[in-house]
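Accompanying notes for the structure given below.
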Amino acid sequence: MAKAASKHDNMKTQNLNMIEAIRDALDVKMSQDKDVLVFGEDVGYFGGVFRCTAGLQEKHGLHRCFDTPISEGGIIGIAVGMAANGLRPVAEIQFADYIYPAYDQIASEAARLRYRSNGDFTAPLTIRTPVGGGIYGGTTHSQSPEALFTHIAGLKTIIPSNPYDAKGMLISAIEDNDPVLFLEPKRLYNGPFFGDPHKPAVSWKGQELGDVPTGHYTVPLGKARHMRKGDDVTILAYGTMVWIAEAVADEMGISADILDLRSLLPLDIDAIEASVKKTGRCVILHEATRTSGFGAELSAQVQERCFYHLEAPIQRVTGWDTPYPHAQEWAYFPGPKRVGIAIRKVLEAA
Amino acid sequence: MAKAASKHDNMKTQNLNMIEAIRDALDVKMSQDKDVLVFGEDVGYFGGVFRCTAGLQEKHGLHRCFDTPISEGGIIGIAVGMAANGLRPVAEIQFADYIYPAYDQIASEAARLRYRSNGDFTAPLTIRTPVGGGIYGGTTHSQSPEALFTHIAGLKTIIPSNPYDAKGMLISAIEDNDPVLFLEPKRLYNGPFFGDPHKPAVSWKGQELGDVPTGHYTVPLGKARHMRKGDDVTILAYGTMVWIAEAVADEMGISADILDLRSLLPLDIDAIEASVKKTGRCVILHEATRTSGFGAELSAQVQERCFYHLEAPIQRVTGWDTPYPHAQEWAYFPGPKRVGIAIRKVLEAA
Amino acid sequence: MAKAKNSRKNTSRLYVPEPPFRPGDTPDYSHIAVPSAHSPSRPDPLCEAHETSEHALGLIRVLNFNGETVGDWQPDLSAERLRGGLKAMMLTRAMDDRMFNMQRQGKMSFYMKSAGEEAVSVGHAMALRNSDMVFPTYRQQGVLIQRGASMKDMMCQCLSNSGDLLDGKSIPVLYSFRKHGFFSISGNLGTQLIQAVGWAMSNAYKDSDEIASVFTGEGATAEGDFHYALNFASTYRAPCILNVVNNQWAISSFQGIAAGEGETFAARGTGYGLATLRVDGNDLLAVYAATQWAAERARGGGGATLIEHFTYRKSGHSTSDDPSKYRPENEPDVWPFGDPVERLKMHLISIGEWDEDRHKALEDECKIFVRETYKSAEAMGSLSGDTKVNHYTMFEEVYENSLPHLDEQKRAFSQELE
Amino acid sequence: MAKAKNSRKNTSRLYVPEPPFRPGDTPDYSHIAVPSAHSPSRPDPLCEAHETSEHALGLIRVLNFNGETVGDWQPDLSAERLRGGLKAMMLTRAMDDRMFNMQRQGKMSFYMKSAGEEAVSVGHAMALRNSDMVFPTYRQQGVLIQRGASMKDMMCQCLSNSGDLLDGKSIPVLYSFRKHGFFSISGNLGTQLIQAVGWAMSNAYKDSDEIASVFTGEGATAEGDFHYALNFASTYRAPCILNVVNNQWAISSFQGIAAGEGETFAARGTGYGLATLRVDGNDLLAVYAATQWAAERARGGGGATLIEHFTYRKSGHSTSDDPSKYRPENEPDVWPFGDPVERLKMHLISIGEWDEDRHKALEDECKIFVRETYKSAEAMGSLSGDTKVNHYTMFEEVYENSLPHLDEQKRAFSQELE
Ligand SMILES: Cc1ncc(C[n+]2csc(CCOP(=O)(O)OP(=O)(O)O)c2C)c(N)n1
Ligand SMILES: Cc1ncc(C[n+]2csc(CCOP(=O)(O)OP(=O)(O)O)c2C)c(N)n1
Ligand SMILES: [Mg+2]
Ligand SMILES: [Mg+2]
């Protein structure tokens, strides 16, 4: 479990869940920089439907953390204007499933403003939004739309898997001078998830990655977290799926090299390449719909760079090519069984 | 040049460019089926900025081919409602670059209505929109967003490369009971394009695929066109890029197996698999931005199925990961040089 | 007055609106004038749109608080039909209560009540034809009940069990009942507004005189689809009714976040050239009358009407929130427009067509019916035990016919089950 | 009257609006009343929004057709400043003409004129501070010229040459001039409306008294962003001006496609609680006066104003269309509101501050200036020859700093050039 925490050895830490870590990141930045504003549907007085902004309005003022109309396009639209005018807006989209009305403002505007004006104007905004299933949210509270954003030049797309990264990456995102989409795996808000919904929930208490330094620190964008070192197979994952990867590797007792990608664009292709060249086998995990998911891009890049090292076809383990069903949630979710089958296939291949 | 025209041997044909072929498909369906309505920005009296609907209002009536407000979300929104109510709307989005305000209506609504209502309601609509560069359209008149739609379960995404297919596929799309996104490579409207913008433009006159049967016929969705048979390398392409593939193969004098995919979702994976297993080498072409482009999905699927037959890494040739620039249009476009380099790489690999 | 307000200081010129009362405050809504003179006269349903611009700012009411009916908008409804409406409202409320409790017991993942707003959906449905397509939100269950849908079917949907007509695909309350003219509810707010306009345009195109009627909460009027709907409905004179249910709250946000400096939500329609009515949504007779007017206008070729139903969301947003976190706990009680069930009951009593005993009996009947229906529904499965939904159904109805890649995924799934 | 109309039969109840005249018709706009009494009185800029609702339906005018100024809205502008405005309009027109012709010769890929609408952009800019950020469309080049931007810089952008400050990345006329308070123009219609509101909100947040001003054509008001802008501007009382340039046409669609049954575009703002003005856009003094009022209101904390500039697009939409295909060829000539340059000229003459000779001399001066400027711009490259743009710049400004995958693509590109 390699955490980059060594450099924080002299920092005080506190155990936080992912919601608290995100809130802490916002609080740190709002305290440091009065250009940081936080807004979205129900984020003001109420503190967000997942409580990520609870207390921020009271502490920092009504004008720095406020409710918006239910208008995702409008929310990102004002964020673009504010960012261009020197602020550091952090906008929340209540569920990633509701980000599509803002797609145009993100893809055509935030991501391209710098380019089309040749640097005359920029849009350093951060968009936070919860992704993924695992809470019986059905078709409209479970989606993982990351691939729709990694196709957009000018945008950065990142996704933490634990409180430590969540705080450090969110601070990096806010300080970044480009627009950043920060995806929050909602199933991980309260604890890591090892794939069995019937087992009692695990909390972040007692998890090393739940120990979060107080104050300011950053986790750089574009660097994967080498979650576990191993020789038999490389597992590329992000968000909720990194914990499934670890659980399955444990259960199978294999020596897996697991990368928590954290940042999808920019991508830490060097770490990926090094790992696959070492193991010769690669399994890619994500929760999103399979076709044209981000796993396709990972698979393509791995085979482009590691072709001569590959001893088995790269396997993708994903959600099915259907909307995310409600009652069949766990039949849809790429859980330990599906992951295990793929790993076995890759290991068994000649 | 395998055209499925044999079955149309007894049909009368006329030479049409792609604009005329599209218009003819609309005319055929509007004449056969009064449930077919055609609408969009400037498509009524004016007949569309690319003239694809010219004359249809005059022939079929003001209420069957009409102008809409400049509101892509509204256009697709009414199309969903009409389709659910038994009509067969064919909506035009003036440029694919302007489809994003309609993204929510397409991805959340049209594509999922059947699923979420378990078949109680359906949305058999067709969306036509021009894609691709080659007309100095810059960042906002040149995009190829197909990958953003192939990720959406419930939607079909297709793209013809010639008048014959354009008409037959558009008729299939209109008759299909699922929502279909029909992409029109605008650089091919008036003729095939072999990659050199400085050579005189070639017209569809004299091109076999410009000979379009009169009346009703269909080209089935989900079937690739085996454009050229060859043994050395498989080239997977669609839209404008199929012509570049052919031109480069000619120029290089290689024996290329070229598939014009035509339908991206559903995908003719059997034809792809058969070809790559035969050649052992594969180059994938598209104009869109590289990262998370549809080429990634193709690459992933090819290596999943043909891993043991591959003799060289699959190569993707694509637009760069930048917005589509204006003055540098031809430096951005994946032209013959870029394609040639990739083919050579694949052929030379041990 | 709002204490909490001052603690959240705002030291810049950026204005952020706030509700008058927050938890800890004593809510006082005496500033909301309850019109005593019963609001604007009833124009001809085929009048010019601008003749209704005052109606967008006033409030159409029929029922006095003492149970009398007054004013121009009194509809001609038999006591029998009124009792039918009363029963539909009471059934709706009884079902909501039961389902809310069952959710708390883990029988389903989620539930949403319509408490306080029953007159909007029931009164509206009473004034439409059953073949008019309603595009509801998640708070118009009253439409289904008024139209006689099977409550067991509804409950099975919420329980995502083997009796669920949607095969477990959708979360609770996102019903779809084509046969009852009830469009599949989207989880994405606003989207159906413009779809309803398209539906209505095709009615016109087919020379049918059916109309469409679509609902949105006041909060979701901020979505682009609301603008699309008003604009397209105006341009093509679509035969439809656009209903804004202003229940004062959008989860935790008060209506002023969506309204801004706008005086009413009905007035949003004025600039689009639409007919606009604003109605007391807790007054079933007024809702009926306004709907009936708008339906007549639409059917007669007069185009669309925007109706704001002014009401109050008595419960939390859903089973997922606790409203006392963002508004005074007793606010529902002091809300000055009363309760829709009580108001209709009092009217029926005042005209001698109802009494306390019959009311009590009906209440019991509703409760028992709901309890029995729920039992038979739960027998078909629930989330807390076995839903009894066939998992393979998740691969169905993605497309009309399955596609090869889905077949392959189905096969892969069956491997997982081995 | 409209002959073409009848040939396109419509046999269903679906209503589709059509313009009064199509090619082949003899346009007659006598039904558009040109107000002679010069429209609504000028309220206090900090009045209640609803006090301007009549202004949304009337038309603010200052200049009579005979050159006199009349009414409440007469601004206090020196002859010197008026001559400056006249010159900016004439320079704009001269540049447009030249660039249009050069596009026809293949020197650039595309061009868009603002003929007939020069008073809107120039009059508006005159009433703002140069530090107020304008979010323009492609027809507000007059703002840049009034603010003294380098015409050569503008031309080099259109020519996409080595002098192009945007390094060839954007199509012609999509300028970006931060130093002149001129926001980067998006090719996507409507998107900037809500961005301007965000910009204005941050001005308020920063306690700055700068404001934002954003433009849309009447056609693009149908986009969702228009609704977002009106709604957010109202909710947060954003210090900005929302300008709708109603030039009657959106490519080939007449304004009625966007307006529907709405009476005016200014009236769209009424229901949002915004101040609303409607102004004769061919009357520079009226545009100035309305802008000045709205700017004062915004700066004073009164929030946003929606201004409809009523004007006419004299030329085609762009170099890509032929307007005679969808409207009568002489329609621009019979349009009853005259030409903005002519009207200001006549006014200056009528007050003894201008004459035909000086006008002719200024016209020549503008032409020569434009010709010389164009020559020096074209010397830096054009699309018909060598643009002289460094191709590698296409990889720049995607992000603040390049990313590894872009570096790799840059290397691949250099291989191609070998
Ligand atoms: C596009 C979209 N954005 C956000 C949400 C999350 N959401 C669900 S209900 C709701 C509040 C809706 O309030 P309102 O429109 O007033 O309806 P009400 O619940 O009061 O009936 C929100 C924000 C959603 N479902 N869809
Ligand atoms: C989102 C979007 N949809 C469509 C277009 C194509 N388009 C460019 S200009 C135009 C007409 C705009 O008309 P209007 O808003 O009235 O402005 P005007 O050209 O009259 O100044 C259209 C449809 C676009 N640029 N962006
Ligand atoms: Mg509400
Ligand atoms: Mg216009």
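Just so it is clear: chains get the letters A, B, ... in the order the sequence lines come, proteins before strands, and each one is counted from 1.
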With a 4.5 angstrom heavy-atom cut-off, is it the side chain or the backbone of [X] that approaches chain D, or both, or neither?
X        : answer
C:Thr276 : neither
C:Ser208 : backbone
C:Ala49  : neither
C:Asp225 : neither
C:Phe232 : neither

Among the options [options], pick out the one with the most heavy-atom pairs lying under 4.5 Å from chain D.
options                      : value
C:Leu230, C:Asp209, C:Asn203 : C:Asp209
C:Ala266, C:Ser12, C:Ala238  : C:Ser12
C:Ala267, C:Gly273, C:Gly301 : C:Gly273

For this session: Kindly assign one of parallel, tilted or perpendicular to the pair C:His227 and D:His227, based on the angle between their ring planes and the thresholds 30° and 60°.
Result: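 The rings of C:His227 and D:His227 lie parallel, inter-plane angle below 30°.
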Looking at [options], which has the largest count of heavy-atom pairs under 4.5 Å with chain C?
options                                : value
D:Arg13, D:Glu223, D:Lys206, D:His50   : D:Arg13
D:Phe265, D:Tyr228, D:Tyr205, D:Tyr272 : D:Tyr272
D:Ser234, D:Gly303, D:Ala222           : D:Ser234

Seminar exercise, completed: Tightest non-hydrogen contact, residues C:Tyr15 and D:Thr235, listed as CD2-O, 3.4 Å
Problem set entry | D:Thr221 portion near chain C, given a 4.5 angstrom heavy-atom threshold |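 Backbone only.
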Exercise. When rounded to the nearest 0.5 angstrom, what is the spacing between CG in D:Asn231 and CZ in C:Arg268?
Worked result: 5.0 Å
For this session: Considering only heavy atoms, give the residues of residues 248-264 of chain C separated from chain D by less than 4.5 Å, sorted numerically, with 'none' for an empty result.
Result: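 At a heavy-atom separation under 4.5 Å, chain D is reached by C:Gly256, C:Ile257, C:Ala258, C:Ala259, C:Gly260, C:Glu261, C:Gly262, C:Glu263, C:Thr264.
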Exercise. Are more than 12 heavy atoms from other residues, nucleotides or ligands located less than 6.0 Å from atom CD of C:Glu48?
Worked result: no
